[in-house]
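See below for the structure under consideration.
We use all heavy atoms of the structure for the numbers below, so side chains are in, but hydrogens, waters and symmetry mates are not. Just so you know, residue 1 is the first one in the sequence shown, and it goes up from there.
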Amino acid sequence: MFRAIGIGYSRALPSAAALNWVLKDGLGRLSRCIYTATLASAFDTNLKRVRFSTSVLFSLSIGVELLTPVFPKYFLLLATIANIAKQISLACYLATGSAVHRSFAISDNIGEVSAKAQIQTVCFDNVGLLLAATLNILFRNNQRLLAALPFIVYPIFSAFDLYGIYQGLKHVHLQTLTKDRLESVINIWIHRQYIPSPAEVSTKEGINFMWSRGRELLPIRIGCLNPERKVPKLSLTTLRYLKDEDFYFICMESINNRSGIKDHGILLSLREGAATSDVIMGLLQACYIRKRLLHDINNQENCVEDCDSSNSVISEWLLLINESKRFAQADLDLLIDNMSGLGWACKNILLSTKEQARYCFVAD
């Protein structure tokens with residue numbers, strides 16, 4: 001790598017080489033700051049997906065570093081790209097490490113679990129160094145094979161590394177509640193009258209790649225109304241019936257301005273000052289509404305497609321809102337008690353930046 005930036009050649013300036021090296025590290029640290037500031041909430045709400053994605057990024061950065069001796073003229077560019085990827089991966093590792101270790105700390109021995117994780121890392125690093133030294137000694141007389149060896153070994157060990165990380169994350173059972181985990185628990189409760197444990201939800205959740213998940217009918221979103229989309233008449237009617245004691249409202253929303261059932265969802269909008277119990281209550285009611293709409297396909301189509309033209313549909317919608325609210329109020333205390341008994345952290349719901357948006361009443 002030093003040969004690639006010119007150190008050792010008569011025309012090379014050591015000061016210029018040092019400046020290039022500092023610039024490379026500086027850009028990496030700057031990218032790390034931008035990444036952590038931009039995706040801070042994602043470390044809690046999408047921990048497994050972010051952790052595995054940055055692990056893939058780290059493996060790719062090692063591959064980019066291997067290319068620096070092959071393309072010495074582009075050393076600074078390649079090394080900077082690799083360093084940026086490594087700094088982003090390091091930021092994610094440090095941010096999510098405590099949550100991962102806590103999931104394995106059955107007796108609240110986080111320090112012991114963290115120490116053993118470091119021991120495993122050091123041991124495997126030493127094994128890797130020993131293997132590299134052994135291969136260099138064995139093939140020292142074959143320089144061509146020795147030069148190609150990193151490109152042969154790299155994809156094999158990267159695949160093993162990513163597979164190990166993937167399997168390890170599958171056994172990380174997070175007890176914290178996010179919108180997706182809470183929705184999974186509520187759906188099972190509504191259909192089976194049963195509360196799943198964190199381990200069961202974790203198995204179902206997996207790494208949770210957004211691009212690999214099939215979109216369900218009437219997805220529930222926590223946030224505020226999107227002014228760029230068409231606001232259905234049902235939403236406006238719901239807003240008119242809000243009271244001072246209501247800390248959320250639920251309405252239909254159009255996803256892409258089309259009229260089909262696949263193009264609509266359910267919006268749960270939280271009011272400023274809403275407590276954790278209000279979030280659970282609102283999501284529980286929204287799940288009851290979705291269950292009712294999906295139960296009768298005819299009513300479902302009418303509610304979605306004719307919501308701007310039929311007063312009877314508006315009346316049915318308001319009736320459904322009141323009915324689902326009664327169901328949610330009846331189940332709320334029992335649901336929270338059972339979840340707490342299984343180890344779920346029900347004192348707080350971890351929401352993303354967009355899900356943390358709140359509405360408030362403004363006096364005329």
Side-chain angles (χ1 to χ4, degrees), residues 35-55 88 91-105 108 110 113-114 168-189 195-210 213 216 219-224 247-248 250 265-287 328 332 335-359:
Y35 172 77
T36 51
T38 304
L39 298 177
S41 63
F43 295 138
D44 291 317
T45 56
N46 296 301
L47 184 148
K48 292 184 180 181
R49 175 163 55 86
V50 174
R51 180 71 175 262
F52 186 76
S53 299
T54 51
S55 298
I88 290 175
C92 176
Y93 177 81
L94 294 176
T96 59
S98 58
V100 173
H101 295 159
R102 189 182 300 113
S103 68
F104 291 105
D108 293 331
I110 300 179
V113 173
S114 300
L169 289 175
K170 286 174 64 176
H171 292 83
V172 174
H173 306 318
L174 300 173
Q175 297 176 337
T176 54
L177 286 172
T178 62
K179 180 262 179 185
D180 290 335
R181 290 189 202 118
L182 180 58
E183 186 179 350
S184 296
V185 172
I186 291 175
N187 280 332
I188 295 175
W189 167 260
I195 299 295
S197 66
E200 293 176 87
V201 174
S202 178
T203 303
K204 180 182 177 182
E205 181 183 40
I207 301 301
N208 189 18
F209 287 119
M210 294 185 68
R213 298 179 62 191
E216 59 186 344
I220 299 174
R221 180 177 71 88
I222 298 179
C224 290
F247 279 92
Y248 66 87
I250 300 173
I266 299 175
L267 171 66
L268 169 61
S269 187
L270 301 172
R271 179 181 166 184
E272 191 72 32
T276 301
S277 58
D278 296 315
V279 180
I280 299 176
M281 170 83 172
L283 196 55
L284 179 59
Q285 183 180 352
C287 289
L332 182 62
L335 175 67
I336 294 178
D337 290 342
N338 288 340
M339 289 177 63
S340 300
L342 287 173
W344 287 106
C346 298
K347 293 183 178 180
N348 187 37
I349 309 296
L350 301 175
L351 301 176
S352 64
T353 302
K354 292 182 179 180
E355 292 170 346
Q356 293 174 12
R358 300 289 189 268
Y359 74 88

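Donor-acceptor pairing under 3.5 Å is recorded for the side chains of Ser197 and Glu200.
Distance alone, capped at 3.5 Å, places no donor-acceptor pair between the Arg49 side chain and the Leu47 backbone. Looking only at distances, no side-chain donor or acceptor of Thr38 sits under 3.5 Å from a matching main-chain atom of Tyr35. In this structure a side-chain-to-backbone donor-acceptor pair under 3.5 Å is present from Trp344 to Pro196. Judged by distance alone, with hydrogens and angles left aside, the side-chain atoms of Thr45 form no donor-acceptor pair with the main-chain N or O of Thr178 at under 3.5 Å. Judged by distance alone, with hydrogens and angles left aside, the side-chain atoms of Gln175 form no donor-acceptor pair with the main-chain N or O of Ala345 at under 3.5 Å. Side chain of Ser202 to main chain of Pro198: no donor-acceptor pair is present (N/O by atom type, distance under 3.5 Å, no hydrogens or angles). Here the side chain of Ser103 pairs no donor or acceptor atom with the backbone of Leu174 at under 3.5 angstrom.
Atom CG of Leu335 sits about 11.5 Å away from atom CE of Met281, to the nearest 0.5 Å. A distance of 12.0 Å separates CG in Asn46 from OG1 in Thr96, rounded to the nearest 0.5 Å. Ile188 CD1 to Cys287 SG: the interatomic distance, rounded to the nearest 0.5 Å, is 11.0 Å. How far CD1 of Ile222 is from CD1 of Ile220: 8.5 Å, rounded to the nearest 0.5 Å. Here the CD1-CG distance, from Ile186 to Leu283, works out to 4.0 Å after rounding to the nearest 0.5 Å. Interatomic distance, CZ of Phe247 versus CD of Glu272, reported as 10.5 Å (0.5 Å rounding).
In this structure Ser114 satisfies the side chain to side chain contact (heavy atoms under 4.5 Å, CB included) test together with His101, Ile110, sequence neighbours excluded. Applying the salt bridge (Lys or Arg N to Asp or Glu O under 4.0 Å) rule to Glu183 yields the partners Lys179, Arg290; only residues at least two apart in sequence or on another chain are considered.
Residues Val279 and Leu268 approach most closely at O-CD2, 4.3 Å, considering heavy atoms. Between Ile266 and Ala286 the shortest heavy-atom distance is CD1-O, 4.0 Å. Pairing each heavy atom of Ser55 with each of Arg51, the nearest pair is OG-O, 2.8 Å. Contact detail for Leu270 and Tyr248: the closest heavy-atom pair is CD2-CB, 3.9 Å. When all heavy atoms of Val201 and Ser184 are compared, the closest pair comes out as CG1-CB, 4.5 Å. Minimum heavy-atom separation, Thr276 to Lys347: OG1-O, 3.0 Å.
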Can you list the steps and then say if Ile195 with Val185 is a side chain to side chain contact (heavy atoms under 4.5 Å, CB included)? CA-CA 6 Å; Ile195 299 295; Val185 172; 4.2 Å; yes
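No side-chain heavy atom of Asp278 sits less than 4.5 Å from a side-chain heavy atom of Arg271. Looking at Met339 and Ile280, their side chains never come closer than 4.5 Å, going by heavy atoms from C-beta outward.
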